[in-house]
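Data block below; observations after.
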Amino acid sequence: MTDTTDTTTSAGHDPAAARVRTLPAGGHPRDWIERNAGDLREQLTATGVLRLRGLGAFASELDTIGTAITGLDTLEYHGGATPRTRLERRVYSSTDFPATHPIDLHSELAYSPTWPRYLAFSCLVAPRTGGGTPIAGTAAIADRIPARLAERLHRHGVRYRRTFHPVLGTDWRTAYGVDDLDGLRSACARRGETVSRADDDLVATTVDLPAYLAHGGREVWFNQLVAFNARTLPDEVREDLELVVGPDAIPKDTLDGAGDPFTAEDVGAVRTAVRGATTTVPWEAGDLLLVDNRRYAHGREPFTGDREVRVCMFGTDGWPGPHGAGR
């Protein structure tokens, strides 16, 4: 095995994120991972990020690899706000989102009372251009948020508002893993969410959650204030949606916990903070990226050509409180 530092797309913000461990030639990657699982877990625990290269076709068995390294069970993707395709077992496609648009960095399922401890991504087909996975330390992001916005978020948190339309976006039955409105209400009650509308097959839910998570003796940035916000949509798409369904019924949006919208300046300030902490991980076929969801936010660059990146989630964690699993 060799260790290298990827400098092609790293801005130098995070040496741990730029470190790549390449498997030796010969033998089966499964055997190498089993022999080195303890060492790999130590690195993941110490730094919050692990990159492997040279897995070949074994990269498709992401659930097996991630469980061996983390020692944790895989999770179902329930309650998610972005479309994914289940490929096999509990391995999913990465977000099914147009290749021409970026995905803002975010903490996975931060809009839910429970969320995965670790995320594993693997690449089977590398894009022709672009398509890297930007990651940024949540502590570093928190340090860069302007004081006035940080104070507002500490006071009010983030309100996540979702509206499910019959033929627009993710279906509420799929998102919550239920069959009917009674099942939806039960699922939302377990999650601490409010069903604010349920008629004519149109469903709207809200939940208020913190913007910061206590971790490692400090507060880190843990939310989807930007990625969930309607301003991340292309202007023409957002404007069309506002005309068709109204500004209060766009499929996803964020407000603060007092119900006040985030301005373009608020969204821009967060993006600036995130950009200053970001290192972009490029993909080669056979690569793996494993991140601690509490310590790293992640996103996606636009790309051209084919790109097949899989994702699998491990270990249940969550916000403190009656609906979460935090500790």
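Sequence positions, counted from 1, serve as the residue numbers for this chain.
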Handout entry: Pair Y160-D208, side-chain donor/acceptor within less than 3.5 Å
Key = no
Practice task
Answer yes or no: are there more than 12 heavy-atom neighbours, outside D306 itself, under 6.0 Å from its atom CG?
Solution key: no
Exercise for the section: Indicate yes or no: does D292 engage R117 in a salt bridge with an N to O separation below 4.0 Å. Expected result: no
Exercise for the section: Indicate yes or no: does E151 engage R155 in a salt bridge with an N to O separation below 4.0 Å. Expected result: yes
Practice task
Measure up the F228 and Y111 rings against each other and bin them: parallel (under 30°), tilted (30 to 60°), perpendicular (over 60°).
Solution key: tilted
Fill in the blank from the handout: Per side-chain contact (heavy atoms from CB on, under 4.5 Å), L233 is matched among D240, D253, I250 by I250
Handout entry: Interatomic spacing from CG in L75 to SG in C312 - rounded to 0.5 Å
Key = 8.0 Å
Practice task
Nearest 0.5 Å please: distance from the CZ atom of F262 over to the CG atom of D260.
Solution key: 9.0 Å
Completion exercise
Rounded to the nearest 0.5 angstrom, the CZ-CZ distance for R51 and R19 is 11.5 Å
Practice task
Considering only NZ, NE, NH1 and NH2 on the basic side and carboxylate oxygens on the acidic side, decide whether R218 and D143 come within less than 4.0 Å.
Solution key: yes
Problem - Minimum side-chain heavy-atom gap L181-V203 below 4.5 Å - result: yes
Problem - Flag side-chain contact, heavy atom, 4.5 Å: I135 against T133 - result: yes
Exercise for the section: On the 0 to 90° scale, with breaks at 30° and 60°, tag the H154-Y212 ring pair as parallel, tilted or perpendicular. Expected result: parallel
Problem - Crowding at CG, D31 (>12 non-hydrogen neighbours, <6.0 Å) - result: yes
Practice task
Drop me the distance from L119's CG to E108's CD, to the nearest 0.5 angstrom.
Solution key: 5.5 Å
Completion exercise
Between the CG atom in L288 and the CD atom in E61, the distance rounded to the nearest 0.5 Å is 12.5 Å
Exercise for the section: Look at the aromatic rings of F222 and W115 and report parallel, tilted or perpendicular, splitting at 30° and 60°. Expected result: tilted
Problem - 4.5 Å side-chain heavy-atom contact, R307 and R300 - result: yes
Exercise for the section: Would you check if the side chain of N36 reaches a backbone N or O of W32 as a donor-acceptor pair within less than 3.5 Å? Expected result: yes
Exercise for the section: Using the salt bridge (Lys or Arg N to Asp or Glu O under 4.0 Å) rule, take R271 and D104 through it: C-alpha gap first, then chi angles, then the decisive distance, then the call. Expected result: CA-CA 8 Å; R271 282 175 162 162; D104 280 274; 2.9 Å; yes
Handout entry: Salt-bridge present (R21, D39; N to O < 4.0 Å)
Key = yes
Practice task
Please step through salt bridge (Lys or Arg N to Asp or Glu O under 4.0 Å) for the pair E236 and R238, ending with a clear verdict.
Solution key: CA-CA 6 Å; E236 64 277 10; R238 186 179 72 253; over 6 Å; no
Handout entry: Y118 vs V291 side-chain heavy atoms within contact, under 4.5 Å
Key = no
Practice task
Looking only at non-hydrogen atoms, find the nearest pair between T278 and P134 and report the distance.
Solution key: CG2-CB, 3.6 Å
Practice task
Answer yes or no: is there an ion pair linking E193 with R162, defined by an N-O contact shorter than 4.0 Å?
Solution key: no
